[in-house]
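A note on names: the letters A, B, ... follow the listed sequences, proteins ahead of strands, and every chain is numbered from 1.
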Amino acid sequence: MKKFEKIVKQTFKKSERLSGKKNIEELFKNGSYFYLYPLKVVVLPSLHSNTHQVLFSVPKKSFKRAVDRNLLKRRMREAYRLHKHLLLTEPNVLSIAYIYTSKEVVNYQTIAHQIKESLNRLNSYVEKSVE
RNA sequence: AUCGCAGGCCGCCUUAUCGUUUCGAAUUAACUUCGGAAAGGAAAGUCCGGGCAAUACAGAGCAACGUACUUCUUAACAGGAAGGUACUGGCUGUAAAUGUCAGUAACAGAAAGUGCAACAGAAAAUAAACUACCCUGAUAAACUUAUGAUUGUCGGGGAAAAGGUGAAAAGGUGAGGUAAGAGCUCACCGCCCGUACGGUGACGUACAGGGGCAUGGUAAACCUUGCGUAUUGAAAGAUCAAAUAGGUUCUGCUCCCCGCCAGUUGCGGGGACCAAUUGGCUCGAUUGGAAACCCGUUUGUCGGGCAUAGCAGAAUGGGUAGAUCGAUAGACCCUGACGGUGACGUCCGGGCUAGAUAAAUGAUAAGGGUUCCGAACUGGUUUCGGAAAACAGAACCCGGCUUACAGGCCUGCAUUUUUU
RNA sequence: GCCGAUGUAGCUCAGAGGUAGAGUACUUCCUUGGUAAGGAAGGGGUCACGGGUUCAAAUCCCGUCAUUGGCU
């Protein structure tokens, strides 16, 4: 496990983020999803990229203040950055969207725990073969 | 010291580890390394004003919208400064006023017009007569010798003083006057008009001036007057531009039509236009075309006719995804000097201070400072333990306004207490 | 980021300067052997909140808050 951590750095660069209108539309149109309170995770095997690509979203409807939305996005991003080594990198590459569904601000420990859980689940998508 | 009000300022700090965006340098295939920078006083609300961009624009009028004491300030403003007026409160003084300090004001026009005012009340806006008041006619009653006067009832007038209603009742106080009353007359006060003087102006002051008072409220009701406003917003807009599918042009082949030459499969041709633009509307303004070919013909400014296929290749225009610019050095910030009552302006010197794009500015740990709570002690303080730290996150950029805000600091004014 | 709309009884909505209503729901009574339906009576409102204009504001003006629609 320690070896693995050395190989996968704890960075979170631009190339690891999901961007582009088309990619996002495709993900939400064709992706499969599951819930892990307070998160909703949307996944789709990707063909365009070399690495996993992630986006984090907090709906404006649940949180009026921009400060709250930023805080939750930062917590989710930080949790993903520190634990992404749990996600396998072969054979498939995924597009992932994390959507915050709760209407209350949840602390960092809970979010980190659920992110870890979600990564374990996502490994099954990585191993599945693309049709 | 205490507790208020008003104004201004600050908006926890340091270190380490792992990260994010961007700029510069170096080496390179590289996001690899090194160094620098990275949220606010409100970044918020989107309520005003401007820059900037596209579109429109000779000019004028109307509509619509905004705005409203004056002068200044400014790129501009519904912001700000200084002043005027009115109102409220304190102080001085006191019968009131004057004076002074502070605060508040959507503060143009109600003697241009139209409208509105529930309930109550006699009456709610060209004034009006319910009670009460005064004069008077008729009639009844009792009194009186009688004229007469009193009271009641019915009618005709006068009056706007008293009553009560209401948010509001048509100058106030006093005197004269009268049948009773009334600006009917007079004095003082108030009001309107005029003149003079002072002030850039709002306005102020004065008058042996004129007017008996006409002019109630509401314009955040319509409206009138003055002034102002073209519309839409960076998701504006500019440049480059993949794949796919259209457009246009050219070339080749096939098909169709016409003509010519002829020799069997050869050669040539198959074309253009028919008004347009103009802010929300109108006037007005600007710029056009009406041609050519074929056939007929009565030779006219006449009538009729004119089909455009398919495949392949190349070029080209618009333009989607996407990318770049717009977009971060500016009505900028700091210090000082000068001018101005002030807002503010001018000048010298210094500084570079976020720039993302599914959207960076974070997470964890340790230490310190501040405030609060508890305990111990040598009891103004120190030590230990625990807790708390607001409102809030750039998105083209500025000037304001408004709203939110833990805690702290400074200045001015006022309250209470102590000391000198 | 930009531009609009709405907020009135538990619910759905009228009311647009003069003391706030309708339908439905609720309570009580009548009717019925009992229930429903029907009939009669009644209660229930900070007109989202805070200021202002006016004699008077749900209504007009300004500012907050909440809900909601559109532009791409």
Side-chain angles (χ1 to χ4, degrees):
Chain A
M1 202 59 172
K2 284 205 169 181
K3 262 188 184 174
F4 210 80
E5 268 185 64
K6 278 184 183 174
I7 294 163
V8 179
K9 291 194 175 182
Q10 293 183 334
T11 55
F12 188 59
K13 293 279 169 63
K14 184 71 183 290
S15 59
E16 297 178 51
R17 293 180 213 172
L18 185 61
S19 70
K21 198 178 170 184
K22 274 195 165 179
N23 296 337
I24 293 163
E25 276 180 356
E26 202 184 329
L27 170 61
F28 281 101
K29 199 174 176 186
N30 302 323
S32 51
Y33 58 89
F34 57 88
Y35 290 93
L36 265 176
Y37 181 86
L39 303 170
K40 176 185 179 182
V41 187
V42 185
V43 195
L44 188 71
S46 173
L47 305 170
H48 313 293
S49 176
N50 299 322
T51 62
H52 300 304
Q53 290 188 313
V54 191
L55 77 83
F56 303 92
S57 178
V58 181
K60 199 172 185 176
K61 211 168 184 182
S62 323
F63 296 94
K64 282 264 164 191
R65 312 274 175 214
V67 173
D68 298 330
R69 294 199 299 274
N70 276 350
L71 176 68
L72 290 166
K73 279 200 273 186
R74 280 166 182 163
R75 278 178 180 169
M76 287 195 285
R77 197 184 302 125
E78 187 70 10
Y80 177 81
R81 182 178 72 78
L82 293 174
H83 297 107
K84 67 176 180 179
H85 56 81
L86 297 173
L87 194 60
L88 303 174
T89 49
E90 296 205 327
N92 287 346
V93 169
L94 302 179
S95 297
I96 309 165
Y98 284 97
I99 298 168
Y100 193 88
T101 53
S102 174
K103 301 228 170 185
E104 291 154 13
V105 178
V106 174
N107 62 17
Y108 173 76
Q109 281 71 23
T110 311
I111 292 172
H113 181 259
Q114 294 294 56
I115 292 274
K116 273 193 269 183
E117 279 290 317
S118 73
L119 292 174
N120 288 332
R121 281 224 215 169
L122 286 169
N123 279 332
S124 62
Y125 288 90
V126 176
E127 286 161 353
K128 222 193 269 176
S129 62
V130 185
E131 295 98 31

Trainee: Can you confirm if the NZ or CZ of A:Lys40 lies within 45° of the ring axis of A:Tyr33 and under 6.0 Å from the centre of its six-membered ring?
Mentor: yes
Trainee: Using the criterion of both pairing distances under 3.5 Å for Watson-Crick and G-U wobble pairs, give all stems of 3 or more consecutive pairs involving RNA chain C.
Mentor: C:1-7 with C:65-71, C:10-13 with C:21-24, C:26-30 with C:38-42, C:48-52 with C:60-64
Trainee: Need to verify one output field. Residue with the more 5' nearest nucleotide on RNA chain B, A:Ser57 or A:Tyr108?
Mentor: A:Ser57
Trainee: Grab the CZ-C1' distance between A:Arg17 and B:U20 for me, whole Å please.
Mentor: 6 Å
Trainee: A:Glu16 CD to B:A360 C1': how many Å, rounded?
Mentor: 15 Å
Trainee: Go through the structure and list residues passing side-chain hydrogen bond (donor to acceptor under 3.5 Å, both in side chains) with A:Tyr80, not counting sequence neighbours.
Mentor: none
Trainee: Answer yes if A:Ile96 and A:Val126 sit in the same cluster of Ile, Leu, Val, Met, Phe, Trp and Tyr residues linked by side chain heavy atoms under 4.5 Å apart, and no otherwise.
Mentor: yes
Trainee: Using whole Å, what does the distance between atom P of nucleotide B:A363 and atom CD of A:Gln109 come to?
Mentor: 12 Å
Trainee: Is there a donor-acceptor contact under 3.5 Å from the side chain of A:Arg75 to the main chain of A:Val106?
Mentor: yes
Trainee: Rounded at 0.5 Å granularity, tell me how far CG in A:Leu122 sits from CG in A:Leu86.
Mentor: 11.0 Å
Trainee: Distance between the P atoms of B:A356 and B:C325, in whole angstroms?
Mentor: 9 Å
Trainee: With a 4.0 Å heavy-atom cut-off, tell me which residues in residues 69-80 of chain A come close to RNA chain B, sorted by residue number.
Mentor: A:Asn70, A:Arg74, A:Arg77, A:Glu78
Trainee: Does A:Asn123 use its side chain to pair, donor to acceptor, with the backbone of A:Leu87 at less than 3.5 Å?
Mentor: no
Trainee: In whole Å, what separates the P atom of B:G148 from that of B:G181?
Mentor: 27 Å
Trainee: Looking only at atom types and distance, does a side-chain atom of A:His83 sit under 3.5 Å from a main-chain N or O of A:Glu78, one as donor and one as acceptor?
Mentor: no
Trainee: Whole angstrom is fine here: how far is it from CG in A:Asp68 over to C1' in B:G393?
Mentor: 11 Å
Trainee: Look at the side chain of A:His52 and the backbone N and O of A:Val93, then say whether any donor-acceptor pair between them is shorter than 3.5 Å.
Mentor: no
Trainee: With sequence neighbours left out, which residue pairs that include part of residues 107-119 of chain A fulfil the side-chain hydrogen bond (donor to acceptor under 3.5 Å, both in side chains) condition?
Mentor: A:Tyr98-A:Ser118, A:Asn107-A:Thr110
Trainee: In whole Å, measure the gap between the P atoms of B:A102 and B:G61 for me.
Mentor: 48 Å
Trainee: Say you pick atom P in B:A43 and the same atom in B:A414; how far apart are they, in whole Å?
Mentor: 36 Å
Trainee: Check whether A:Leu82 and A:Tyr100 end up in the same hydrophobic cluster, where Ile, Leu, Val, Met, Phe, Trp and Tyr are linked by side-chain heavy atoms less than 4.5 Å apart.
Mentor: no
Trainee: Send over the distance from A:Leu82 CG to B:A365 C1', rounded to a whole Å.
Mentor: 14 Å
Trainee: Does A:Arg65 put a side-chain nitrogen or oxygen below 4.0 Å from OP1 or OP2 of B:A392?
Mentor: yes
Trainee: Look for any protein N or O under 3.5 Å of an N or O in nucleotides 67-72 of chain C and output each such pair with its distance, or none.
Mentor:
none

Trainee: Taking only residues two or more places apart in sequence, or in another chain, which ones meet A:Leu55 in a side-chain contact (heavy atoms from CB on, under 4.5 Å)?
Mentor: A:Leu18, A:Ile24, A:Ser57, A:Ala97
Trainee: Should C:A40 be called syn or anti, with syn set as within 90° of 0?
Mentor: anti
